[in-house]
Amino acid sequence: MKASDKIDDAAGRLLAWYDGHARTLPWRVPPGSGQAPDPYRVWLSEVMLQQTTVAAVKSYFEKFTQSWPTVEDLASADDADVLSAWAGLGYYARARNLIASAREVAARGGIFPDTEEGLRELPGIGAYTSAAIAAIAFGRRAVVVDANVERVIARLFSITEPLPGSKDAIRAAADTITPDERAGDFAQAMMDLGATICTSRDPRCLLCPLSDMCTARQTGIAADLPRKTPKKARPVRSGTAFWIENDGHVLLVKREGKGMLAGMRALPDDGWSARASGNGEPPLAAEWSRVDGVVGHGFTHFLLELSVHRCEVSDRVAEGEWWPVDRIEEAGLPTLFAKAAKLVLAT
DNA sequence: TAAACGTGGGG
DNA sequence: TCCCCAAGTTT
């Protein structure tokens, strides 16, 4: 039986609201259109949307689907082209996992797994994304819980324990209102409600189709939920990037490993990291000059103040790609290094 | 379990 | 300006 009689028709209420208020999004099939969603586009959009706003994703989704219309197209692309196309979107492990997943799916004939369990085995697909794809692309009932749903459910049921400790309780509550039919529409309706009505700050309860069943609204604490455990302060690190030029070309390197910006093109640097500032030592002996100004950049877990030093060399002795300076915007630099390049070229 | 992992926009 | 936050996953 449901948690409460009052909440019984939350799904019906929400679906009716969605039929009239669904956002139009490039990766979305309109409710009631009868079109079958393309699992490739659902998957691609869901990965891009992980911790990333709809506004930021739109242009990337268009670019990717135009360059690679099918999962086989993406699977056969060069890694560097995919990473370069992802540049600026952040969380670059997503792009590396995207390539790996595309190749796995292509190897299976281009057919995506159609269950949560099957999807969950692809790299870069976790609890949320597997549920979302199973529901949206394949119509399977799945409890889809993202940050929007956490917020809606915490308020609807007045779950006051702070996140992330309340995740299990929130998921259990979400389960009680998840319908067997129209699972994909329901998931997207919850996310649209969270994104447009049940917003983090200043929820617009007067427009909410569930307002009369929302216990947090009844007690006036909706805007205070969900509570969250306080975050740690971010340390500030400093570092240096090096702009090494030769005959109108600048030296770019490929970042190794699996950590920060791994796999991405970058300027050489002095080894700065989240743990420690850089040592300031340039990668080669030359007549260096410091570029005026500093690049401030906020990562999730630390802040970086990046200085830029530049030099002109007569021989291309260093390891890396010599990239035409006047085409630096096509290099697919992560935002940090794009900012550094901009600083150099502004002087 | 907690930390690592990007970025841009809004209040 | 600064802090919070966004369709989370991996280790």
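Only this structure's heavy atoms are used, side chains among them; waters, hydrogens and symmetry mates stay out.
The interatomic distance linking A:Lys342 (NZ) with B:dG8 (C1') rounds to 13 Å, in whole Å. Here B:dG6 presents its P atom at 13 Å from CG of A:Leu304, a figure rounded to the nearest Å. If you measure from atom CG of A:Leu303 to atom C1' of C:dT1, you get 13 Å, rounded to the nearest angstrom. Spacing between atom CG of A:Leu49 and atom P of C:dG8 amounts to 8 Å, rounded to whole angstrom units. Summarising the geometry, the separation between CG on A:Leu193 and C1' on C:dA6 is reported as 16 Å, rounded to the nearest angstrom. Rounded to a whole Å, the CD atom of A:Glu150 is 9 Å from the P atom of C:dA6. The distance from atom CD of A:Glu121 to atom P of C:dT10 is 12 Å, rounded to the nearest whole Å. Residue A:Leu89 contributes atom CG, which lies 9 Å from atom P of B:dT7 at whole-angstrom precision.
In this model, the phosphate group of B:dT7 is not approached by any side-chain N or O of A:Lys339 to a distance below 4.0 Å at OP1 or OP2. For A:Lys232, a side-chain nitrogen or oxygen approaches OP1 or OP2 of B:dA3 to under 4.0 Å. Distances shorter than 4.0 Å separate some side-chain N or O of A:Tyr92 from OP1 or OP2 on B:dT7. An OP1 or OP2 oxygen of B:dT7 is reached within less than 4.0 angstrom by a side-chain nitrogen or oxygen of A:His297. Not one side-chain nitrogen or oxygen of A:His301 sits closer than 4.0 Å to the OP1 or OP2 atom of B:dA3. Contact between the side-chain N/O atoms of A:Arg120 and the OP1/OP2 oxygens of C:dT10 is found at a separation under 4.0 Å. Under 4.0 angstrom from either OP1 or OP2 of B:dT7 there lies at least one side-chain N or O belonging to A:Thr335.
Ion pairing of A:Lys254 with A:Asp79 is absent here, as no side-chain N (NZ or NE/NH1/NH2) approaches a carboxylate O to less than 4.0 Å.
Base engagement by A:Trp27 is indicated by at least one non-hydrogen atom pair under 4.0 Å involving a base atom. Within 4.0 Å (heavy atoms only), A:Ile136 reaches no atom of the nucleic acid at all. Nucleic acid contact class of A:Ser45 (heavy atoms, under 4.0 Å, all strands): none. A:Gly298 comes within contact range of at least one nucleobase, with a heavy-atom separation under 4.0 Å. As judged by a 4.0 angstrom heavy-atom cut-off over every strand, A:Ala127 is placed among residues touching the sugar-phosphate backbone only. If you check every strand for non-hydrogen atoms under 4.0 Å, A:Pro334 touches sugar and phosphate atoms only. The residue A:Ala56 sits apart from the nucleic acid: no heavy atom pair falls under 4.0 Å. Here A:Ile125 lies in heavy-atom contact (under 4.0 Å) with sugar-phosphate atoms only.
Taking the six-membered ring where the residue is Trp, the centroids of A:Phe299 and A:His297 are separated by under 6.0 Å.
Here the nucleotide nearest the side chain of A:Gln50, chosen from C:dA7, B:dC5, C:dG8, is C:dG8. When the nucleotides C:dA6, B:dG6, C:dC4 are ranked by their closest atom to the side chain of A:Lys228, C:dA6 comes out on top. Closest approach to the A:Phe299 side chain among C:dA7, B:dT7, C:dT9 is made by B:dT7 (side chain taken as heavy atoms from C-beta onward). Set against C:dA6, C:dT11, B:dT7, the side chain of A:Arg151 has C:dA6 as its closest nucleotide. Closest to the side chain of A:Asp146, from the set B:dG8, B:dC5, C:dA7, is C:dA7. Counting only heavy atoms from C-beta on, A:Ala274 has its side chain closest to B:dC5 among C:dG8, C:dA7, B:dC5. Out of B:dG6, C:dA6, C:dA7, the shortest distance to the side chain of A:Thr53 is found at C:dA6. Checking B:dG10, C:dA6, B:dG6 against every side-chain atom of A:Tyr91, the shortest atom distance belongs to B:dG6.
For B:dG6, the base has a donor-acceptor partner in the side chain of A:Thr52 [N/O atoms by modelled type, under 3.5 angstrom]. Between the base of C:dA7 and the side chain of A:Arg23 there is a donor-acceptor pair shorter than 3.5 Å. Below the 3.5 angstrom threshold, one finds no donor paired with an acceptor across the side chain of A:Thr129 and the base of C:dG8. Side-chain atoms of A:Tyr128 and base atoms of C:dG8 include no donor and acceptor less than 3.5 Å apart.
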Begin with the C-alpha distance, continue with both residues' side-chain angles, and end with the deciding distance and a verdict on side-chain contact (heavy atoms from CB on, under 4.5 Å) for A:Val144 and A:Glu116.
CA-CA 11 Å; A:Val144 181; A:Glu116 277 187 83; over 6 Å; no
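Between A:Leu261 and A:Arg201, the residue anchored nearer the 5' end of DNA chain B, judged by the nucleotide with its closest heavy atom, is A:Leu261. Of the residues near DNA chain C, A:Asp192 and A:Lys258, the one whose nearest nucleotide (by heavy atom distance) lies more toward the 5' end is A:Asp192. Nearest-nucleotide mapping onto DNA chain C: of A:Arg234 and A:Glu46, the residue sitting toward the 5' end is A:Arg234.
In this structure the side chain of A:Arg275 never reaches within 4.5 angstrom of the side chain of A:Phe302, judged on heavy atoms. Counting heavy atoms from C-beta on, the side chains of A:Phe64 and A:Val82 come closer than 4.5 Å. Residues A:Leu336 and A:Met264 are not in side-chain contact: their nearest non-hydrogen atoms beyond the backbone lie 4.5 Å or more apart.
The main-chain N or O of A:Arg217 is never found under 3.5 Å from a side-chain atom of A:Arg155 such that the two would form a donor-acceptor pair.
Using P as the reference atom, B:dG11 and C:dA7 are 15 Å apart when rounded to the nearest Å. Look at the C1' atom in both C:dT9 and B:dT1: the space between them is 15 Å, to the nearest Å.
Using the six-membered ring where Trp is involved, A:His309 and A:Phe242 have ring planes that are perpendicular, over 60° apart on the 30 and 60° scheme.
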